[in-house]
There are 2 protein chains.
Amino acid sequence: MIWYGRMTDQSSTKERILAAARDLFTQRGFEAVSVRDIVARARVNLGAVTYHFGSKEALYHAALSSMADPFAALVAQIAARPGAPLDRLDAVVRGALAHLLDNPGPPAILLRELASDRPLPPPIANLMRRNLGAVATIIAEGQRDGSIRQGDPALLAVTVMSQPFFVRAARRVVTVALGADSSDPDQQARITDHVAESVRRSVANTPPVPS
Amino acid sequence: MIWYGRMTDQSSTKERILAAARDLFTQRGFEAVSVRDIVARARVNLGAVTYHFGSKEALYHAALSSMADPFAALVAQIAARPGAPLDRLDAVVRGALAHLLDNPGPPAILLRELASDRPLPPPIANLMRRNLGAVATIIAEGQRDGSIRQGDPALLAVTVMSQPFFVRAARRVVTVALGADSSDPDQQARITDHVAESVRRSVANTPPVPS
DNA sequence: TACCATATCATACAAACGTATGACTGTCAA
DNA sequence: TTGACAGTCATACGTTTGTATGATATGGTA
C-alpha cells in the first residue's frame, strides 16, 4: 500500500480500523460493538470496513489474529529456551502473564469465546492449540526426567495456562480482593509471584499432600 | 401468584421465560440474544417480557440470580461443614465442579462478564463475593493451623475457585485435548480428580519446590 | 349480573443494525 | 493529457432491535 487517498493522519485507514476494532472487541465483545462504533473511534468512513475487510466478522477475525499471533509467538519462543522443565514452565507463566497484563485482548476474548457455545473462531482455536501444545511438550519432558508429576499432559497444560488467563481476566476481582490499586507495580509483582508459585506447586513431582 | 390468565401449559409464563432466558443467555450472552429469541423458545407472547420483568436487562438479572443463588448456597453449605481446612477445600472444589458440570450457566456468564469492562451485574458480583469469601475463610483457618501455605487468602481463593470455573468453561478444549467424549462419566471423574489434586498441591503448606 | 384486576395478544414505533451503492478524489502509467 | 484505478465519502436499503400501546380474554368479588 503506497497511497492513502485523502488520509492525512500518519497511520493508514486499515490500520486505524484494526486498532479500534481490537480495543472495542476486547472491551465489549463482538455483538456489543457496532461497525459504527469502530469507524467513529477510528475516525474513518462507515464504508471503510466493508471496503478493507469485507464484513464485520472478517474484521473481527483479523483483529483476533493481530492479537493472538504475537502472544503465541512469545509463548513459543519462551518455551523453546533451554533449561529444566519446571524452570521453563515458570518462565512461560511469567512471560505470558506479563504480556497479558499489557495486552488484555487475548484473555478477554478467549474467555468470552470459551463461554459461548459457538465454534471457536479459527484464530482463537489456533492460539489455544499452539499454547497448550508448547506447554504440554514441556510437561511431557518433565515427566520423563521425573521433575513433573504424572497425569495427562494436556490436562496439566490447561491447569498451567488457565492461571495467567484467569488472573488477568479477573484482575478487577483480584484487585478488589486485595484492596489496592490495579496499576500498582508492586501488586503486579506479587500477583505474578503468586501465580508462578501456584503453578509450580501444582505440577511439580512432590509427594502427595497427606489427608 | 394464583391464577395465570390464559395459560394452559403446566408452568407459568413467567417461569417459562426465565428458563428460556437462562438457556439462551448462557449459550450466547446478553447482547447476542434478542427478546424475540427468548419468547419464541418460551412460546409466549412478545409483550410478556416487558409485562413480567420490565425490560430485557431486568430479565437478565433475574436469570442470573436464579442461577447464581443455588450455586452460592451450595458452596456456602459445603464450606461450613466440619473438617480439616484442606479437606474442606477439596470438598468445595469437587462440589463446585460437579454442580458446574450440570449447570453451565454460572461459569459461562461469569467469564463473559469478567471479560467485559462494564460493571459486574449485581448478582454476579454477589456470587463472587460470597464464594471467594467462604473459600478465603477456610484458607485463613488453614494458615493458622499450619496446613495451608502463606500468602494473601484472597489471592489464594482466586487460584482455588478459578480452577472449577475455568475447567468447566474450557470443557470443549479439555475434551478435545483428551480426545474423548465430553459426556463420558469416567472422563469427568478423571477431570475432577485432576482439578482437586492440582488445587490441593497449589495451596498446601509443603516445602517449596527446589529450583 | 356487573365490575375489576390480571394476563395475553397482535401490532406499531422509532432507533440502530450490517451492508450496498454510486459519486467523487487524487495518483500512477501510458 | 488521459484512462484506469484504489480509496474515501455521504447516503440509502431492508432488517432487526427493545419497548409501547390498546384491545381482548379470564376468573374472583361484590
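Given the structure is predicted, the values throughout are model-derived calculations rather than measurements. In what follows, every chain begins at residue 1, and chains take the letters A, B, ... in the order their sequences are listed.
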Practice problem: Report the distance from atom CD1 of B:Ile17 to atom C1' of D:dG18, rounded to the nearest whole Å. | Solution: 14 Å
Quiz prompt | Rounded distance (Å) that lies between atom P of D:dC9 and atom OH of A:Tyr51 | solution = 13 Å
Quiz item: Between A:Asp37 and A:Gly47, which has a closest nucleotide on DNA chain C that is more 5'?
Solution: A:Asp37
Quiz item: For residues A:Thr159 and B:His194, is any side-chain donor paired with an opposing acceptor at under 3.5 Å?
Solution: yes
Quiz item: Whole-Å distance between C:dA7 P and B:Phe53 CZ?
Solution: 12 Å
Quiz item: Is the closest side-chain donor-acceptor distance between A:Ser198 and B:Arg149 under 3.5 Å?
Solution: yes
Self-check item: Contact list for DNA chain D against residues 21-30 of chain B - heavy-atom distance below 4.0 Å
Solution: none
Exercise. Look at the rings of B:Phe165 and B:Phe71 and say which category their plane angle falls in: under 30° parallel, 30 to 60° tilted, over 60° perpendicular.
Key: perpendicular
Protein-nucleic acid N or O pairs under 3.5 Å, nucleotides 12-15 of chain C:
none

Practice problem: Ignoring backbone atoms, test whether A:Asn45 places a side-chain nitrogen or oxygen under 4.0 Å from the OP1 or OP2 oxygen of D:dG7. | Solution: no
Exercise. Take B:Gln163 and B:Val93 through the side-chain contact (heavy atoms from CB on, under 4.5 Å) test and state the conclusion after the steps.
Key: CA-CA 8 Å; B:Gln163 287 289 321; B:Val93 168; 5.8 Å; no
Quiz item: Are OP1 or OP2 of C:dC17 and a side-chain N or O of A:Ser34 less than 4.0 angstrom apart?
Solution: yes
Quiz item: Within the distance-only criterion (no hydrogens, no angle test), does the side chain of B:Asp90 pair as donor or acceptor with the backbone N or O of B:Asp87 below 3.5 angstrom?
Solution: no
Quiz item: Is any side-chain nitrogen or oxygen of B:His52 closer than 4.0 Å to OP1 or OP2 of C:dT6?
Solution: no
Practice problem: Check whether any side-chain N or O of A:Thr13 sits under 4.0 Å from OP1 or OP2 of D:dT8, and answer yes or no. | Solution: yes
Exercise. Report the distance from atom CD of B:Glu31 to atom C1' of C:dA16, rounded to the nearest whole Å.
Key: 13 Å
Self-check item: Test side-chain contact (heavy atoms from CB on, under 4.5 Å) applied to A:Arg172 and B:Asp117, step by step
Solution: CA-CA 9 Å; A:Arg172 278 186 301 169; B:Asp117 64 353; 5.5 Å; no
Quiz item: Can you name the closest pair of heavy atoms from B:Ile148 and B:Pro85 and give their distance?
Solution: CD1-CB, 4.2 Å
Practice problem: Could you tell me whether the side chains of A:Asp23 and A:Thr26 share a donor-acceptor contact shorter than 3.5 Å? | Solution: no
Quiz prompt | Rounded distance in Å - NZ (A:Lys14) to C1' (D:dT8) | solution = 15 Å
Self-check item: Parallel, tilted or perpendicular, as decided by the 30° and 60° cut-offs, for the rings of A:Phe30 and A:Tyr60
Solution: tilted
Practice problem: Would you classify A:Val39 as touching base, sugar-phosphate or nothing, given that sugar-phosphate means primed atoms plus P, OP1 and OP2, and contacts are heavy atoms under 4.0 Å? | Solution: nothing
